[in-house]
2 protein chains.
Amino acid sequence: MKSSRSATARTYDFPRPAVTVDVALFRPTAPGTHVRLELLLIRRDLPPFRGDWALPGGFVRENEDLPEAAGRELEEEAGLKQVVLYQVGAVGTPGRDPRGHTVTVLFVGLSRNPGVLSAGGDATSADWFVVDELPKLAFDHAVLVTAARASLRERVEDIRFLQDLLPAEFTLAELQGLTEAVLGTELDVRNFRRKVREAVVATGGVRREGAHRPAQLFRFARGKSRR
Amino acid sequence: MKSSRSATARTYDFPRPAVTVDVALFRPTAPGTHVRLELLLIRRDLPPFRGDWALPGGFVRENEDLPEAAGRELEEEAGLKQVVLYQVGAVGTPGRDPRGHTVTVLFVGLSRNPGVLSAGGDATSADWFVVDELPKLAFDHAVLVTAARASLRERVEDIRFLQDLLPAEFTLAELQGLTEAVLGTELDVRNFRRKVREAVVATGGVRREGAHRPAQLFRFARGKSRR
DNA sequence: TGGCTTATTGTGGAGTCAACAATAAGATGG
DNA sequence: CCATCTTATTGTTGACTCCACAATAAGCCA
């Protein structure tokens, strides 16, 4: 065992778990109606769970950092680039992968402009699913999704977390709808506005759409967030 | 080999990062004077960083769960059993281990009764160090310690996190000293007592020690915590 | 009894939070 | 022009949380 930790031990002399990353990437549906969260899933092209839907992910390569691996898998399997990801944690329960012991590091992200999905790698197709109506998932990915959603809810307590998901100018109704989608609950209009008051500034512009009072446009304020 | 094995073999076809666990186990110094936090470190018996102090930890075995591996390393390298550990997260920066790419999953814990340390495994000795006066650490363990302390500070916001660190009956001064040690800051006596008021109940007993008013003894209340 | 040491307790102010409804601005159709 | 419709916008109150702050209580001892 000691030799296994020597400098030459890159030829491993005992079985070890493999490291994977999995990505729970969410996006909001189009604003206007009730915004909902959708989750990116890929359909597995290989056993086990061939044909089932799963989170994008895969094995971490030698000398590849964890966020880097997560981004790469997202691009390979779904064609998405430059998505900001956050680590949720590691899961290594024995038996979670029938092929053998794997330890996965879960990442979560919110995607603004999903672009065009293009399945590749181990995936035959990639698609978005409303989070409340997910299909049966491969491996223990249902558990991972639950953890990812909890992580999102914590992060969105700082409203700037949503900054990258909105265009430079947006209405407060859009910001609130997005927040509600992430939290999965509805928020009081006045309380929400007071809460974000110091994080946004009005640009002076308005947006007219429909037979009602136009909405003011806002942008995120510069500076550090508080809370 | 059958295809089910080929899937496994695929994971071994190219070099992959290894999975390790590291444990940042803290303990409070004896109550009475200013309580301080100490960190358990082991002295490495093997290169790299031979002779340096490091967090207990090591490779995760096949079909071993992550918390299990962390507990095993703690026992092998320091002789400590049955310590409750919490996951902080995974770190896999390439170059963090000069032997090759490793992904480590960091755990944090607070030890009540440290028992007797007995170095073993890859460690020549094990000892406790006041967290503000740590020696130079192997690998990136200084970074891991910082992350572990931040994790502790978050968890102690629920005072019940400290439940296992105190005897069945304790004084509020002891509880406060412990909290302050974990937070690294001092707290106002009255605010602290009000805050924990609903989490503890007086047992009716008192403890006399010294030329001053005796302290009431408390125990943790049953039931779910709020906050 | 006076002095020392630590334990114990409450109040006021600032800030945060959630619950609550009425008015404003524009579009549309009669 | 007026009524109506739709969404945008705005304030107040009370409950609660948080922090800062100091005086008294109880025991020991010289």
Side-chain angles (χ1 to χ4, degrees), chain A residues 30-35 153-154 156-160 166-167 169-181 183-219 221 224-227, chain B residues 29-35 153-154 156-160 166-167 169-181 183-219 221 225-227:
Chain A
T33 60
H34 264 216
V35 183
R153 278 192 291 268
E154 287 182 13
V156 83
E157 284 181 22
D158 183 350
I159 197 72
R160 288 159 198 275
L166 289 165
E169 297 195 340
F170 51 87
T171 69
L172 292 187
E174 288 172 347
L175 184 60
Q176 180 173 351
L178 197 50
T179 307
E180 290 174 336
L183 290 179
T185 60
E186 298 201 345
L187 300 173
D188 180 86
V189 189
R190 289 160 287 189
N191 294 335
F192 180 80
R193 285 171 177 252
R194 182 165 5 85
K195 185 173 181 177
V196 303
R197 184 177 298 160
E198 293 178 356
V200 299
V201 291
T203 64
V206 295
R207 178 184 303 167
R208 293 167 210 279
E209 47 173 347
H212 56 81
R213 178 173 177 175
Q216 291 182 53
L217 292 175
F218 292 81
R219 60 174 174 79
K224 292 290 179 187
S225 68
R226 308 175 315 152
R227 167 187 322 259
Chain B
T29 57
T33 60
H34 263 216
V35 183
R153 278 191 291 270
E154 287 182 13
V156 84
E157 284 180 23
D158 182 352
I159 198 70
R160 289 159 198 273
L166 289 165
E169 297 195 342
F170 51 88
T171 69
L172 292 188
E174 288 173 346
L175 184 61
Q176 181 173 350
L178 196 51
T179 307
E180 289 174 337
L183 290 177
T185 60
E186 298 200 343
L187 299 173
D188 180 87
V189 189
R190 288 161 288 188
N191 294 335
F192 179 80
R193 284 171 179 254
R194 182 164 9 83
K195 184 172 181 178
V196 303
R197 183 176 298 159
E198 293 178 357
V200 300
V201 292
T203 64
V206 295
R207 177 184 302 167
R208 292 166 212 280
E209 48 173 346
H212 57 80
R213 176 174 177 175
Q216 291 182 54
L217 292 176
F218 291 82
R219 62 174 173 80
S225 67
R226 309 174 312 152
R227 162 189 326 261

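In what follows, chains are A, B, ... by sequence order, proteins preceding strands, each numbered from 1.
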Pick out the pairs of N or O atoms, protein on one side and nucleotides 10-12 of chain C on the other, that lie under 3.5 Å.
residue: C:dT11; atom: O4; partner: B:Arg194; partner atom: NH2; Å: 3.4

Grab the two heavy atoms, one from [X] and one from [Y], that are nearest each other, plus how far apart they are.
X        : Y        : answer
A:Leu172 : A:Phe192 : O-CE2, 4.0 Å
A:Ala215 : A:Thr171 : CB-CG2, 3.6 Å
A:Arg160 : A:Glu198 : NH2-O, 4.2 Å

[X] [atom1] - [N] [atom2] separation (whole Å):
X        : N      : atom1 : atom2 : value
A:Glu186 : C:dA19 : CD    : C1'   : 15 Å
B:Glu157 : D:dT17 : CD    : P     : 15 Å
B:Lys195 : D:dA20 : NZ    : C1'   : 15 Å
A:Leu187 : C:dC17 : CG    : C1'   : 13 Å
A:Arg208 : C:dA27 : CZ    : C1'   : 11 Å
A:Gln176 : C:dA18 : CD    : P     : 13 Å
B:Leu175 : C:dT8  : CG    : C1'   : 15 Å
A:Phe192 : C:dA19 : CZ    : P     : 16 Å

Q. Pick the nucleotide of DNA chain D nearest each of A:Arg193 and B:His212; which residue has the one closer to the 5' end?
A.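 Closest to the 5' end, via its nearest nucleotide, is A:Arg193.
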(Q) For the helix from C:dT1-D:dA30 to C:dG30-D:dC1, what angle separates the axis at the start from the axis at the finish, each from five pairs, in steps of 10°? (A)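 Axis angle across the helix from C:dT1-D:dA30 to C:dG30-D:dC1, nearest 10°: 20°.
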Q: Kindly point out which of D:dT10, C:dT8, C:dA25 is positioned nearest to the side chain of A:Arg213?
A: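 The answer is C:dA25, which lies nearest to the side chain.
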Q. Quick one: does B:Val206's side chain get under 4.5 Å of B:Leu217's, heavy atoms only?
A.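 A side-chain contact under 4.5 Å is absent here.
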Q. Do B:Val200 and B:Phe170 have side-chain heavy atoms sitting under 4.5 Å apart?
A.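 In contact.
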Q. In terms of the nearest nucleotide of DNA chain C, which residue is placed more toward the 5' end: B:Ala211 or A:Pro214?
A.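 Mapping each residue to its closest nucleotide by heavy atoms, the 5'-most match is B:Ala211.
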(Q) Please identify which of these residues, B:Arg193, B:Lys195, B:Arg194, meets the side chain to side chain donor-acceptor pair (under 3.5 Å) condition with B:Asn191. (A)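 Of the listed residues B:Arg193, B:Lys195, B:Arg194, the side chain to side chain donor-acceptor pair (under 3.5 Å) partner of B:Asn191 is B:Arg194.
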**Q.** Check against salt bridge (charged side-chain N to carboxylate O under 4.0 Å, His left out), B:Arg207 and B:Glu174
**A.** CA-CA 12 Å; B:Arg207 177 184 302 167; B:Glu174 288 173 346; 2.4 Å; yes
